[in-house]
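Since we're looking at a predicted model, the values are computed, not measured.
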Amino acid sequence: MSNKIIEDLVDRECILSAALIDGDGFTVERTSIDFKPTILAEIFSLANDNKMLTVVAEHCTVIASRLPTEHWIVVQCPNGSNLGKARMKLTKASAAILPFL
């Protein structure tokens with residue numbers, strides 16, 4: 001069921017790909033083999049107590065949500081997309097996935 005929640009995040013409008021990362025930094029689920037969110041693990045560690053982290057890059061924006069289980073849900077958004085909508089979808093997915101972790 002967790003893979004369905006991750007897959008449902010991708011709408012090709014504001015979210016291009018998504019992944020679930022465990023507390024040790026390993027990818028549990030992802031929607032694209034081209035999306036490698038584990039390379040951002042060091043940045044996630046800088047987030048301290050923040051539940052959501054946004055990284056704006058040259059070609060895309062990456063938003064990560066930290067779960068109470070120390071898992072992360074990470075999404076890749078295209079430049080110029082509606083980041084508010086992406087964050088809202090990420091927040092809902094974060095709550096929905098908890099019973100399955």
Side-chain angles (χ1 to χ4, degrees):
M1 186 63 180
S2 63
N3 62 337
K4 178 76 171 133
I5 294 169
I6 298 300
E7 288 173 7
D8 287 348
L9 279 167
V10 177
D11 61 8
R12 302 284 178 215
E13 177 188 337
C14 65
I15 298 177
L16 299 174
S17 54
L20 175 65
I21 310 297
D22 71 11
D24 295 322
F26 294 105
T27 303
V28 177
E29 302 284 344
R30 68 179 169 175
T31 60
S32 170
I33 59 170
D34 296 327
F35 184 42
K36 297 176 175 69
T38 55
I39 61 175
L40 299 171
E42 192 170 323
I43 293 173
F44 298 159
S45 67
L46 299 175
N48 298 325
D49 293 331
N50 294 329
K51 292 184 180 183
M52 199 168 286
L53 174 70
T54 303
V55 178
V56 179
E58 185 176 349
H59 299 288
C60 69
T61 298
V62 176
I63 305 172
S65 175
R66 184 194 334 239
L67 305 174
T69 60
E70 296 305 316
H71 287 77
W72 287 86
I73 298 179
V74 184
V75 296
Q76 178 186 21
C77 306
N79 286 339
S81 66
N82 184 341
L83 297 180
K85 182 178 178 182
R87 288 185 184 107
M88 182 183 70
K89 289 180 73 167
L90 186 54
T91 299
K92 288 180 181 179
S94 296
I97 205 167
L98 284 177
F100 304 103
L101 299 178

How would you list, by chain and number, every residue that makes a side-chain hydrogen bond (donor to acceptor under 3.5 Å, both in side chains) with Thr54, sequence neighbours excluded? Arg87
4.5 Å side-chain heavy-atom contact, Thr61 and Ser81: no
Could you give the side-chain donor-acceptor pairs of residues 8-18 under 3.5 Å, partners two or more places apart or in another chain?
from: Asp8; atom 1: OD1; to: Lys4; atom 2: NZ; distance (Å): 3.0
from: Asp11; atom 1: OD1; to: Glu13; atom 2: N; distance (Å): 2.9
from: Asp11; atom 1: OD1; to: Cys14; atom 2: N; distance (Å): 2.9
from: Asp11; atom 1: OD1; to: Ile15; atom 2: N; distance (Å): 2.9
from: Asp11; atom 1: OD2; to: Lys89; atom 2: NZ; distance (Å): 3.2
from: Arg12; atom 1: NH1; to: Leu16; atom 2: O; distance (Å): 2.6
from: Glu13; atom 1: OE1; to: Lys85; atom 2: NZ; distance (Å): 3.4
from: Ser17; atom 1: OG; to: Gln76; atom 2: OE1; distance (Å): 2.8

d(Glu70 CD, Leu101 CG) to nearest 0.5 Å is 11.5 Å
Between OG of Ser94 and CG of Leu20, what distance do you get to the nearest 0.5 Å? 9.5 Å
Non-hydrogen atoms of Thr69 and His71 that approach each other most closely: OG1-ND1, 2.7 Å
Sub-4.5 Å side-chain heavy-atom contact between Glu29 and Glu7: no
Is Met52 linked to Met88 within one hydrophobic cluster, defined over Ile, Leu, Val, Met, Phe, Trp and Tyr using a side-chain heavy-atom separation of less than 4.5 Å? no
To the nearest 0.5 Å, tell me how far Ile97 CD1 sits from Ser2 OG. 5.0 Å
Roughly how far, to the nearest 0.5 Å, is the CG atom of Asp22 from the CG atom of Leu67? 11.5 Å
Separation between NZ of Lys51 and CG of Leu90, rounded to the nearest 0.5 Å: 13.0 Å
Could you tell me which non-hydrogen atom of Val75 sits nearest to which non-hydrogen atom of Phe35, and how far apart they are? C-CZ, 4.1 Å
Nearest 0.5 Å please: distance from the CD1 atom of Ile5 over to the CG atom of Leu98. 9.0 Å
Identified side chain to side chain contact (heavy atoms under 4.5 Å, CB included) counterpart of Val62 within the set Val56, Leu53, Val74: Val74
